[in-house]
Amino acid sequence: MKLIVNGETLETSAQTLKGLLDELRVQAERVAVEVNLSVVRKSEYATFPLNEEDRIEIVNFVGGG
Amino acid sequence: MEDTLMIRGIAFRSRLWVGTGKYKDFEETRKVIEASGSDVVTVAVRRVNIIDGKSENLLDYIDPKKYKILPNTAGCYTVEDALRYSRLAREAGISDLIKLEVIGDERTLFPDTIGLLKATEVLAKEGFVVLPYTNDDPVMAKRLEDAGAAAVMPLGAPIGSGLGIRNPYNIRIILETVKVPVVVDAGVGTASDAAIAMELGCDAVLINTGIAGAKDPVVMASAMKHAVLAGRLACRAGRIPKKLYATASSPIEGML
């Protein structure tokens with residue numbers, strides 16, 4: 001399905017958020033995720049279903065003041 | 001010397017807090033934090049680079065078990081954005097701490113105090129430990145405390161300006177106005193600035209550019225560590241009053 005992840009359109013075969021993170025090789029422990037402007041609890045990543053055209057933001061901590 | 005700062009049950013061992021922005025690379029960041037002796041670092045919340053797929057992460061170099069990670073809402077100019085970033089920061093799973101920034105102006109990076117107050121109220125109700133980056137207005141500091149801020153973080157001078165503590169009198173008034181800890185955030189340019197902040201009675205100082213922008217950041221981190229310690233000890237020691245005229249240090253008795 002088509003998703004918009006961090007502002008980029010991409011195609012994925014993942015069905016769940018965890019599946020998407022694995023596909024993108026992103027460590028779930030190091031990130032926070034928002035789907036359609038709602039923060040998703042980490043405990044739900046494995047079961048959270050993805051839908052066509054979902055807007056997903058995957059963030060982590062970077063250097064900052 | 002046991003001198004732990006407690007904020008909502010969280011123990012902050014170091015009175016020097018260090019920002020992790022503007023370093024050459026993660027390795028330099030790590031060395032600087034080590035030289036600073038600090039156990040508190042701030043971080044920003046930003047998109048993961050999914051295209052490049054670089055697997056290195058800041059937290060691979062700064063162990064969240066050893067350091068208190070204080071996420072900021074840098075770059076947020078609206079209440080909505082600040083809330084959004086705060087909630088994401090908390091979900092990253094480390095703590096409820098947030099260094100709340102709602103910026104009012106691009107050139108000065110001064111806080112939008114109206115937005116800051118609104119965001120503080122909302123986040124405090126949601127159980128965040130809110131540490132708002134504010135200006136040196138004691139009225140504002142009291143409002144933030146009343147709104148549920150766990151500490152207040154008045155700027156010494158604009159972020160990255162290196163101008164030091166521009167209004168020590170207001171900082172002193174803030175110290176007398178609020179009961180929560182006061183942590184100077186922004187503007188410290190060199191060691192003496194940090195010492196001055198601590199001598200005034202501040203509970204801690206947060207420094208990023210003052211260290212990262214120095215010609216030798218590792219040496220400056222060490223300087224700041226000593227300066228914060230010196231200022232803190234001087235404050236606790238109780239300085240002599242300032243006098244217009246001299247009082248001799250050697251006795252008259254026994255003069256020839």
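Note on naming: letters A, B, ... go to the chains in the order of the sequence lines (proteins, then strands), and numbering restarts at 1 for each one.
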_What I'd like to find out is whether the side chain of B/E91 reaches to under 4.5 Å of the side chain of A/V33, using heavy atoms alone._
no
*Give, as side chain, backbone, both or neither, the part of B/D60 having an atom under 4.5 angstrom from any heavy atom of chain A.*
both
*Any chance CD of B/E27 has more than 12 other-residue heavy atoms, nucleotides or ligands included, within less than 6.0 Å?*
yes
*Within a reach of under 6.0 Å around CD of B/E80, are more than 12 heavy atoms found that belong to other residues, nucleotides or ligands?*
no
*Any idea which heavy atoms bring B/L88 and A/A32 closest together, and the distance?*
O-CB, 3.1 Å
*Option passing side-chain contact (heavy atoms from CB on, under 4.5 Å) with B/V48 (candidates A/I58, A/V5, A/V62)*: A/I58
*Return the option, out of B/I62, B/I207, B/V45, B/T209, with the maximum number of heavy-atom pairs under 4.5 Å with chain A.*
B/V45
_Rounded distance (nearest 0.5 Å) linking atom CG of A/N60 with atom CG of B/L59_ = 8.0 Å
*Side chain from CB out, backbone as N, CA, C, O: work out which of these in B/I94 comes under 4.5 Å of a heavy atom of chain A, or both, or neither.*
side chain
*Can you measure from CG (A/L24) to CG (B/N49) and round to the nearest 0.5 angstrom?*
11.0 Å
*B/Y85 side, atom OH; A/E34 side, atom CD - distance, nearest 0.5 Å*: 9.0 Å
*Around atom NZ of A/K18, are there more than 12 heavy atoms of other residues, nucleotides or ligands at under 6.0 Å?*
no
*Within 6.0 Å of CZ in A/R55, more than 12 heavy atoms from elsewhere*: no
_B/A89, part contacting chain A, at a heavy-atom distance under 4.5 Å_ = both
*chain A interface, residue from B/R87, B/R90, B/R46, B/R47 that has the most non-hydrogen pairs under 4.5 Å*: B/R47
*For B/R8, does the CZ atom sit with more than 12 other heavy atoms under 6.0 Å from it, leaving out its own atoms?*
yes
_Please classify the contact of A/V31 with chain B as side chain, backbone, both or neither, using a heavy-atom distance under 4.5 Å._
both
*Rounded to the nearest 0.5 Å, how far does CD of A/E8 lie from CD1 of B/I51?*
3.5 Å
*Would one find more than 12 heavy atoms of other residues, nucleotides or ligands at under 6.0 Å from atom CD of B/E126?*
yes
*Non-hydrogen atoms of chain B under 4.5 Å away: do they reach the side chain of A/Q27, the backbone, both or neither?*
side chain
*Nearest 0.5 Å, what's the CZ-CG distance between A/F61 and B/L70?*
9.5 Å
*Checking heavy atoms, do the side chain of B/K99, its backbone, both or neither come under 4.5 Å from chain A?*
side chain
*Pick whichever of A/G63, A/G7, A/A28 has the most heavy-atom pairs under 4.5 Å with chain B.*
A/G63
